[in-house]
Amino acid sequence: MTTAQPLDVQPTPLALLLLGREADPKSERGVECPGDLPSPSDPDLVARARAAKDKLGDKVFILGHHYQRDEVIEFADVTGDSFKLARDAAAKPEAEYIVFCGVHFMAESADILTSDDQKVVLPDLAAGCSMADMATAEQVAECWDVLTEAGIADVTVPVSYMNSSADIKAFTGKHGGTICTSSNAKKALDWAFEQGEKVLFLPDQHLGRNTAVRDMGMSLDDCVVYNPHKPNGGLTAEQLRGAKMILWRGHCSVHGRFNLDSVNDVRARIPGVNVLVHPECKHEVVAAADYVGSTEYIIKTLEAAPAGSKWAIGTELNLVKRLANRFAAEDKEVVFLDRTVCFCSTMNRIDLPHLVWTLESLAEGTLVNRIQVDKETESFAKLALERMLALP
């Protein structure tokens, strides 16, 4: 009987990253924060946050994304979605520090839109976005080579969702494309089809598909999905040539959880309920919903809803809980669409201890966790953002 020899297997960089033994500064997963954080059980955290913010005064401007915890939103100067917050930061030139309580790509966008004198800070560098991570610069460059070989790159316009890295936004700007939000995706696609015959939509396949089919009257057959982990994206040249929408195989881990069973179940449990979902949800969910729209649309729809109405919301749980509490006094019932609780795990990495550590460090004159986009990437990414701002 022979003795088994140990395998000489070297872990890949990705494996080490997933094991938490290495870090990738260019990834949305981020890296660990230096220094010691306050204990989450510290009863003085709220007082410490207020004291540090008061000491900084007008030097600091805190942005709070809608999906943040209430304990963080309490200290935000403004709340909103990612693009609104980035623009709010740009409109506050007197603030030396922009503390973005969101995720990595959002802080990058704020750095792109703010002045060189302003410093954008992310309280936890590990607050990334799984969707943004699904499209790397190398993968997208390879995809463009595939489109070139198929003879369609020159008639294809890239449209990238705001939920993408600065590198992807820069690729988009460099190749004549534009950025979109969940609010203006149709406008962006209308513009893109005036420039070319096809669209490469990055990185969320669901927003691209829902906008094309639901809002623009295309068919599902007009859409193909490019899988960066398969040769040629898993598509033939004929499939690429026949498609109008080339959708990147990416998705939101939160919105992707909802399915048709979620919709049917809530309708059975709550007679007369209105189903309101984000367009990052799967097509089957969007098709079965009563209302579909961005985070801001969801909030405004509930504000305008009549007393006594019932709503099942398909978006991140922190926001749904906040809306449920806000509108309970107006006799509006707001529930989470799915029975399974689902927070955005990376967004929730921004907690009160991280915020306190950040503010106290800045108050002591120590700049921490600065997010800074290099000049070349910034110039092309800003070009793509400016094309979006110019949309009618």
Side-chain angles (χ1 to χ4, degrees), residues 20 23 28-82 84-86 88-89 92 94-104 106-107 110-111 114 118-129 254 295 316-329 336 341-372:
E28 281 287 322
R29 298 181 186 90
V31 294
E32 293 183 359
C33 297
D36 295 325
L37 296 178
S39 167
S41 61
D42 184 344
D44 298 323
L45 281 177
V46 171
R48 287 173 64 178
R50 286 176 180 157
K53 187 179 180 185
D54 288 344
K55 183 176 180 180
L56 285 162
D58 292 338
K59 291 177 66 176
V60 71
F61 190 52
I62 302 177
L63 311 176
H65 190 273
H66 286 308
Y67 297 167
Q68 286 294 333
R69 308 160 180 254
D70 286 345
E71 67 188 43
V72 171
I73 290 294
E74 178 183 349
F75 293 97
D77 294 302
V78 291
T79 58
D81 61 18
S82 59
K84 175 185 179 295
L85 292 175
D88 286 344
K92 199 79 172 176
E94 66 275 19
E96 181 180 353
Y97 304 116
I98 304 296
V99 176
F100 208 128
C101 297
V103 294
H104 196 273
M106 300 178 186
D111 183 60
T114 51
Q118 294 176 290
K119 301 170 184 66
V120 178
V121 173
L122 186 65
D124 185 350
L125 292 179
C129 172
V254 171
T295 304
E316 206 274 341
L317 185 57
N318 272 317
L319 174 61
V320 177
K321 288 174 60 181
R322 195 172 299 122
L323 293 173
N325 292 333
R326 174 183 171 186
F327 292 112
F336 192 56
V341 173
C342 185
F343 293 99
C344 176
S345 58
T346 49
M347 187 78 74
N348 268 265
R349 293 190 69 98
I350 309 294
D351 55 14
L352 196 50
H354 280 88
L355 181 59
V356 168
W357 171 77
T358 300
L359 294 177
E360 288 184 339
S361 297
L362 296 176
E364 293 167 2
T366 302
L367 178 60
V368 295
N369 290 8
R370 183 178 184 182
I371 302 298
Q372 196 167 18

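Note that the structure is predicted; figures quoted are calculated from it, not measured.
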message: If you count every heavy atom of other residues, nucleotides or ligands that lies below 6.0 Å from K119 atom NZ, does the total exceed 12?
response: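 Atom NZ in K119 is crowded, with more than 12 foreign heavy atoms closer than 6.0 Å.
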task: Evaluate the side-chain proximity of N348 to R69: yes if any heavy-atom separation is below 4.5 Å, no if none is.
output: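 Counting from C-beta outward, R69 and N348 do come under 4.5 Å.
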Rounded to the nearest 0.5 Å, how far apart are [atom1] of [X] and [atom2] of [Y]?
X: R349; Y: H104; atom1: CZ; atom2: NE2; result: 13.0 Å
X: T79; Y: H65; atom1: OG1; atom2: NE2; result: 10.0 Å
X: E316; Y: K321; atom1: CD; atom2: NZ; result: 9.5 Å
X: T114; Y: F61; atom1: OG1; atom2: CZ; result: 12.0 Å
X: L317; Y: F336; atom1: CG; atom2: CZ; result: 5.0 Å
X: L362; Y: L56; atom1: CG; atom2: CG; result: 6.0 Å

field: Donor-acceptor contact below 3.5 Å, side chain D124 vs main chain I350
entry: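 Checked: no pair found.
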message: Quick check against the 3.5 Å criterion: does D111 have a side-chain atom that pairs as donor or acceptor with the backbone of A107?
response: no
task: Not counting sequence neighbours, which residues clear side chain to side chain donor-acceptor pair (under 3.5 Å) with R322? List them please.
output: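 Partners of R322 by the side chain to side chain donor-acceptor pair (under 3.5 Å) criterion, ordered by chain and then number, come out as D70.
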task: Can you spot which of V46, L355, D351 makes a side chain to side chain contact (heavy atoms under 4.5 Å, CB included) with E71?
output: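 Running side chain to side chain contact (heavy atoms under 4.5 Å, CB included) over V46, L355, D351 with E71 returns exactly one hit, D351.
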